[in-house]
There are 2 protein chains.
Amino acid sequence: MTTEIGRIPVAQPRCSTCSLGQFCLPVGIPAPELERLDALVSERRRLKKGEVLYHANDDLHAVYGIRFGSLKSCVTAPDGREQVVGFHLQGELIGLDAVADHHHPSTAIALEDSELCIARFGELETLSRQVPSLQRQLHRLMSQEIRNEHQQLLALGTMRAEERLAVFLLNLSERLSARGYSANEFVLRMSREEIGSFLGLKLETVSRLFSRFAQNGMIEIRQRHVKIVDAAALHELAGVPC
Amino acid sequence: MTTEIGRIPVAQPRCSTCSLGQFCLPVGIPAPELERLDALVSERRRLKKGEVLYHANDDLHAVYGIRFGSLKSCVTAPDGREQVVGFHLQGELIGLDAVADHHHPSTAIALEDSELCIARFGELETLSRQVPSLQRQLHRLMSQEIRNEHQQLLALGTMRAEERLAVFLLNLSERLSARGYSANEFVLRMSREEIGSFLGLKLETVSRLFSRFAQNGMIEIRQRHVKIVDAAALHELAGVPC
DNA sequence: CGACCTTTTGAGTGGCGTCAACATGTGTGG
DNA sequence: CCACACATGTTGACGCCACTCAAAAGGTCG
């Protein structure tokens, strides 16, 4: 059904039947209104690994639901330093940080081949005025993002390297598990350098810590394939008292 | 006009005449709708230095505009570690991070005697469906917060101590200046420890850096009174190439 | 005036960054 | 399919920045 590279027109209703709805826009929205959301989300986009969804400073045209695949968001300092500010999984909505002035403040890049639903933002804003439950969910997603970043600030501000990495692994495990994947065995879609950037560490430190965790019997790791062996020990490291 | 301690009923229209509106809710809202906003923001609250506006886990009743004074927001890890995630000045709206599940994820504490406008959130949500420009501004404020935290993550993730402190001073200077105060001379309302927590540093490090900045002739500092002498040098430190 | 909190400053330590060498994996073109 | 180039990951040696511990000065408030 692909008419041109990367663009896929969609004929059938989608949000209303999407199994990822629980993480995305269609939460708590009654069936009749769901159809209007379907009409709004009329296109998808495919990205190959490494492709850019939007650049920092691009105009906001749409927000995007991740149908499959995963992405990272990066911000850049005036002097060129880069910081990964988030990893985004299947079902998550990205681009909401652009609402402020209708320009994206971050760059979004695919970590693997991915497919996204395109929700044109202007229409979404209009529809959310008419559908209170949609408005509610939009607000929920935005403020959830604020909340996540509070947690990340807490990690960067107060935790040591091994604690940060433990938090990272457990967070990823939990999110994958919520999507029906194994909580104990998964593939990291990002490099050591990207993990390091996200956690405020250098890639060598991340690599060393993985090795140490493996030596302590907390995880098994071969390249990007991770197996969590002793989740309790990770939780303890992460600062959750058993 | 105070009827009971800390609560002040307000008879006259306020948002419509408030000089701080540019940082708060009433941006771009036509006059007739502004009156409806006035009706919604019908109460104020006074806080003494150190008093709590809301605790983490409190129900969301309202969001708050800062009429005068300043506050900090803190999050707490399961093991008790605290992180200051933001400082809030005159005119700013706080409490928006609670929209997700109608519970506050952070604790807000007054850094000095302060007065806040109370905007009951349920009514605000309703009104914002009817007044597109209000909806717009709410979205703008939420996503501005996401953007600010991206910048803070960048600072904590990639910058050294002196760079973080330079960024902090310049950011404060800019915000105060936008409120009509001097950009070069101001009073820090927060302790070295609170600055340290915000920047992921220990209070001793903050103190040492202030001393060093003063020795280098970049600032003058006596207690919490700061004077920026060489803003260009601070900008350079902060990573903005001259 | 005394109790307490905040800030400053010093000395010593260690966690993480830097630099470097090497191993392993991945993709591409002949 | 192999050879090669290049990206990614591992590991070691070393150094520095920021933390820890400690003591004392200065400021604030009852």
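Look at NZ on A:Lys49: it is 10 Å from C1' on D:dT8, rounded to the nearest Å. At whole-Å resolution of the value, NZ in B:Lys48 and P in D:dC29 are 12 Å apart. Here the C1' atom of nucleotide D:dC17 and the CE atom of B:Met159 are 17 Å apart, to the nearest Å. Following rounding to the nearest Å, A:Gln215 (CD) and D:dT11 (P) show an atom-to-atom distance of 8 Å. What separates CD of A:Glu193 from P of D:dT10 is a distance of 13 Å, to the nearest Å. Per the geometry, CD belonging to A:Glu162 stands 10 Å off C1' belonging to C:dG15, to the nearest Å. Distance, A:Phe210 CZ to C:dT24 C1': 17 Å, rounded to whole Å. In this structure, the CD atom of B:Glu163 is 12 Å from the C1' atom of D:dC17, given to the nearest Å.
Results of the side chain to side chain donor-acceptor pair (under 3.5 Å) test with A:Asn148 over A:Gln151, A:Glu145, A:Gln144 single out A:Gln144 as the only residue that passes.
A cation-pi contact, defined as under 6.0 Å to the ring centre and within 45° of the axis, links A:Arg179 to A:Phe23.
Centroid-to-centroid, the aromatic rings of A:Phe87 and A:Phe198 come within less than 6.0 Å.
Contacts of B:Arg160 with the nucleic acid, taken as non-hydrogen atoms under 4.0 Å apart, involve only primed sugar atoms and P, OP1 or OP2. As judged by a 4.0 angstrom heavy-atom cut-off over every strand, A:Glu204 is placed among the base-contacting residues. Within 4.0 Å of A:Ser191, counting heavy atoms only, lie sugar-phosphate atoms of the nucleic acid but no base atom.
Of all the residues in residues 195-202 of chain A, A:Gly200, A:Leu201, A:Lys202 reach under 4.0 Å from DNA chain C with at least one non-hydrogen atom.
Using bins of under 30°, 30° to 60° and over 60° for the plane-to-plane angle, the ring pair A:His104/A:Tyr54 lands in the parallel bin.
The side chain of A:Arg208 has D:dA13 as its nearest neighbour among C:dT7, D:dT20, D:dA13. Proximity note for B:Ala161 (side chain, C-beta onward) versus C:dC19, D:dA18, D:dG9: the nearest is D:dA18. For B:Arg224, whose side chain is taken as the heavy atoms from C-beta onward, the closest listed nucleotide among D:dT10, D:dT8, C:dT6 is C:dT6.
The two residues B:Gln22 and B:Ala178 come nearest to each other via the heavy atoms NE2-O, 4.2 Å.
Within the 3.5 Å criterion, the main-chain N or O of A:Leu154 finds a donor-acceptor partner in the side chain of A:Thr158.
Contact between the side-chain N/O atoms of B:Thr205 and the OP1/OP2 oxygens of D:dC19 is found at a separation under 4.0 Å.
When only modelled atom types and interatomic distance are considered, A:Asn171 and A:Arg175 share a side-chain donor-acceptor pair under 3.5 Å.
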